[in-house]
A.B. asks: 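Supplied in structure tokens, the structure appears directly below.
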Amino acid sequence: MRNVLLVKYGEIAMRGKNRYLVENRLIRTIIERLEPYEGYRVYKEQGRLLVVNEAFEFDYDLVIPIVTVLPGVTAVCPCVETEDQSIENLRNIALAHCKEHFGTEPVTFKAETKRSNKRYPMTSREVSADIGGYILHNMDNVSVNVHEPDFVVMIELRNNAYIYTKLIPGCGGLPMGTSGKATLLMSGGIDSPVAGYLTARRGVEIEAVYFDSPPYTSERAKQKVIDLAKRLSVYTGGIKLHIVPFTETQLKIYESVPPEKMTIFLKRAMLKAADQIALKNGSQALVTGDSIGQVASQTLHAINAIDSAAENFVVLRPLCTMDKQEIIDVARKIETYEISIRPYEDCCTVFVAKHPETKPKKSIIESMQHKIEGLDELILTALENTEVLEL
Ligand code: ATP
Ligand code: MG
């Protein structure tokens with residue numbers, strides 16, 4: 001008998017090889033996260049994962065926060081595992097577990113059994129009734145309520161038996177790697193890390209791209225993006241960050257277009273470069289942190305005038321309908337907010353016009369773009385000099 005953690009993850013239409021790959025990926029991520037702590041192992045257990053500690057007592061306060069944040073984890077249950085499935089043993093374990101978790105105030109409960117071990121000599125109903133009755137007779141502060149109990153005492157009969165009363169909700173969504181890959185344009189602001197998190201939550205693997213414009217943007221600004229990517233990697237289990245030197249490209253645009261059009265052309269150049277990175281790294285989409293109307297370059301007109309710069313991939317904007325406050329709430333929850341609000345110079349604000357155009361015309365923008373001599377070559381050079389960090 002020992003304390004373990006049962007991990008439930010998204011029940012998705014996964015079959016054969018795909019299921020196996022996704023489960024293994026989730027196992028690998030949990031193992032990586034628990035590597036610094038001695039004794040932890042992860043096993044598959046019939047559509048669930050099982051985290052155990054083979055050397056020491058299980059530390060739930062340590063492990064639960066690490067596992068619940070992973071995309072695809074729908075819930076975790078701290079539980080007692082036992083090899084001895086005799087009804088006498090199950091009764092005793094269930095009673096001890098309830099005494100530990102129910103407290104001393106009056107509570108209602110019901111017992112529920114899942115029996116995937118079909119050779120077990122009693123039916124699920126019989127096991128539930130037996131154990132429920134035993135708890136009822138041996139505790140003073142409990143009564144049964146089958147419709148809305150305070151606690152459900154779960155008894156799962158698998159290769160071993162598992163008994164638990166607590167189900168802690170996880171991140172939800174789909175496990176990483178079930179939904180392909182996307183390239184995230186990530187600045188040091190509040191929005192793009194949230195966009196990356198929400199996309200990753202749908203099981204999409206993320207690579208991030210940051211456009212760096214030294215000396216107009218500082219080393220601190222770059223460090224901030226690195227820290228944000230590291231924080232995202234807590235959820236995604238490792239992230240690649242491409243740092244693209246964009247000063248020359250940005251200066252070229254500055255020289256070549258009227259100030260009110262600067263941002264549109266800069267965003268187009270970023271999308272064009274990110275699109276090439278996405279092509280090389282096997283992505284199926286680009287992701288930005290745009291939210292409709294937040295700033296001039298995020299009006300629907302501007303979005304239309306910008307998007308055609310991505311030649312190969314669709315541009316996802318997971319925040320497009322969210323209010324700033326809603327975005328901030330998520331940023332706080334995922335703990336990117338504190339990093340994002342550190343002061344820094346954004347490459348978009350360095351050259352920003354006082355009155356940027358809010359209704360640019362796509363056709364005009366596109367025809368102007370063709371006339372900027374040498375811009376494509378500068379973007380190519382920037383891509384060649386990109387630094388890639390594995391975080
Ligand atoms: P954020 O909070 O993500 O910085 P924002 O509200 O500041 O967004 P903009 O600066 O207009 O808005 O940027 C819109 C989006 O363009 C960002 O969410 C990001 O996806 C992308 N972007 C902007 N600047 C950069 C950059 N230097 N590197 C990579 N992506 C960028
Ligand atoms: Mg920004």
Side-chain angles (χ1 to χ4, degrees), residues 182-199 206-214 216-229 231-232 239-247 249-250 253 262-278 285-299 302-303 305-307 309-310 313 315-320 322-328 330-332 334 336-353 356-358 360 379 382-383 386-387 389:
T183 297
L184 167 71
L185 285 84
M186 191 160 87
S187 60
I190 295 168
D191 304 332
S192 38
V194 173
Y197 167 76
L198 292 177
T199 308
I206 297 288
E207 280 196 23
V209 184
Y210 169 60
F211 296 95
D212 191 22
S213 301
Y216 305 101
T217 58
S218 66
E219 198 55 34
R220 271 181 317 140
K222 178 171 151 186
Q223 187 57 46
K224 193 174 162 185
V225 176
I226 294 172
D227 291 347
L228 283 167
R231 182 68 211 161
L232 270 190
I239 204 165
K240 254 191 202 167
L241 172 64
H242 303 251
I243 299 175
V244 186
F246 229 43
T247 315
T249 306
Q250 194 154 0
I253 293 170
M262 256 306 287
T263 317
I264 298 291
F265 279 94
L266 178 58
K267 287 284 154 64
R268 282 183 63 93
M270 287 184 187
L271 273 192
K272 195 176 167 102
D275 189 66
Q276 287 305 314
I277 291 173
L286 301 171
V287 179
T288 74
D290 296 312
S291 164
I292 296 170
Q294 198 184 80
V295 291
S297 61
Q298 299 176 19
T299 63
I303 288 173
I306 291 167
D307 252 21
F313 299 106
V315 183
L316 303 178
R317 293 180 168 85
L319 312 186
C320 75
M322 287 170 78
D323 290 346
K324 192 75 190 182
Q325 191 55 50
E326 292 170 322
I327 298 169
I328 289 174
V330 182
R332 282 189 200 277
I334 63 171
T336 53
Y337 184 74
E338 290 304 321
I339 307 171
S340 293
I341 59 172
R342 279 188 222 154
Y344 82 118
E345 335 64 32
D346 186 328
C347 73
C348 300
T349 53
V350 176
F351 298 90
V352 84
E357 200 173 15
T358 55
I379 293 176
L383 285 170
T386 293
E387 178 191 354
L389 304 180

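Indexing begins at 1, ligand by ligand and atom by atom, following the structure's order.
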A.B. asks: Taking ring-ring contact (aromatic ring centres under 6.0 Å, His included) as the definition, give me every residue that meets it alongside F265, ordered by chain and number, with sequence neighbours left out.
C.D. replies: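 With sequence neighbours excluded, F265 shows a ring-ring contact (aromatic ring centres under 6.0 Å, His included) to no residue whatsoever.
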
A.B. asks: If we set the cut-off at 4.0 Å for heavy atoms, which region of M186 has an atom near ligand 1: side chain, backbone, both, or neither?
C.D. replies: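 Backbone only.
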
A.B. asks: Residues in salt bridge (charged side-chain N to carboxylate O under 4.0 Å, His left out) with D275, at least two apart?
C.D. replies: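 Here no residue qualifies.
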
A.B. asks: Under 4.0 Å from a heavy atom of T288: give me the atoms of ligand 1 that qualify, with their elements.
C.D. replies: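 Taking each heavy atom of T288 in turn, ligand 1 has 20 (O) under 4.0 Å.
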
A.B. asks: Between F211 and ligand 1, is there a nitrogen or oxygen pair with a distance under 3.5 Å?
C.D. replies: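 Indeed, backbone or side chain, F211 has an N or O that close.
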
A.B. asks: Can you name the one residue among K324, Q298, R317 that meets side-chain hydrogen bond (donor to acceptor under 3.5 Å, both in side chains) with D191?
C.D. replies: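 Going through K324, Q298, R317 one by one, the side-chain hydrogen bond (donor to acceptor under 3.5 Å, both in side chains) with D191 is satisfied by K324 alone.
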
A.B. asks: Taking only heavy atoms of I190 into account, list the atoms of ligand 1 that are under 4.0 Å away from them.
C.D. replies: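 Counting atoms of ligand 1 from 1, those under 4.0 Å from I190 are 2 (O).
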
A.B. asks: Please report the C-alpha distance between E338 and R231 in whole Å, then the side-chain angles of each, then the deciding distance to 0.1 Å, and finally whether the salt bridge (charged side-chain N to carboxylate O under 4.0 Å, His left out) criterion is met.
C.D. replies: CA-CA 11 Å; E338 290 304 321; R231 182 68 211 161; over 6 Å; no

A.B. asks: Does an N or O from K324, backbone or side chain, lie closer than 3.5 Å to an N or O of ligand 1?
C.D. replies: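 In fact, backbone or side chain, K324 has no N or O that close.
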
A.B. asks: Tell me which one of L319, D290, T263 gets a heavy atom nearest to atom 14 (C) of ligand 1.
C.D. replies: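 Looking at heavy atoms only, the winner is D290.
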
A.B. asks: Taking 4.0 Å as the limit for heavy-atom contacts, which would you say applies to V209 with ligand 1: side chain only, backbone only, both, or neither?
C.D. replies: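 Within the 4.0 Å criterion, V209 contacts ligand 1 through backbone atoms alone.
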
A.B. asks: Which of the atoms of ligand 1 are close to G189, meaning less than 4.0 Å from one of its heavy atoms?
C.D. replies: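 Within the 4.0 Å cut-off of G189, ligand 1 contributes 1 (P), 2 (O), 4 (O).
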
A.B. asks: Should Y197 and I206 count as side-chain neighbours, where that means a heavy-atom distance under 4.5 Å?
C.D. replies: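 Not in contact.
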
A.B. asks: Need the ligand 1 atom indices (1-based, order shown) with element for anything under 4.0 Å from a heavy-atom of Q294.
C.D. replies: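 Within the 4.0 Å cut-off of Q294, ligand 1 contributes 6 (O).
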
A.B. asks: When you measure from the side chain of T247 to the backbone of P214, do you find a donor-acceptor pair of N or O atoms at a distance under 3.5 Å?
C.D. replies: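 Answer holds: yes.
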
A.B. asks: Going by the closest heavy atom to atom 31 (C) of ligand 1, which one wins out of Q250, Q298, M270?
C.D. replies: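 It is M270 that holds the nearest heavy atom.
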
A.B. asks: Counting heavy atoms only, name the option from A273, G289, S187 that's nearest to atom 1 (P) of ligand 1.
C.D. replies: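 Checking each option, the heavy atom nearest atom 1 (P) of ligand 1 is found in S187.
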
A.B. asks: For the pair T386 (side chain) and H242 (backbone), establish whether a donor and an acceptor sit closer than 3.5 Å, ignoring hydrogens and angles.
C.D. replies: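 Not at all, since once roles are kept as given, no pair shorter than 3.5 Å links the two residues.
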
A.B. asks: Looking only at distance, does P193 have an N or O less than 3.5 Å from an N or O of ligand 1?
C.D. replies: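 N/O-N/O distance under 3.5 Å: no.
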
A.B. asks: Using only atom types and a distance under 3.5 Å, with no angle test, would you say the side chain of S340 pairs donor to acceptor with the backbone of G189?
C.D. replies: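 Pair found, side chain donor or acceptor close to backbone of G189.
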
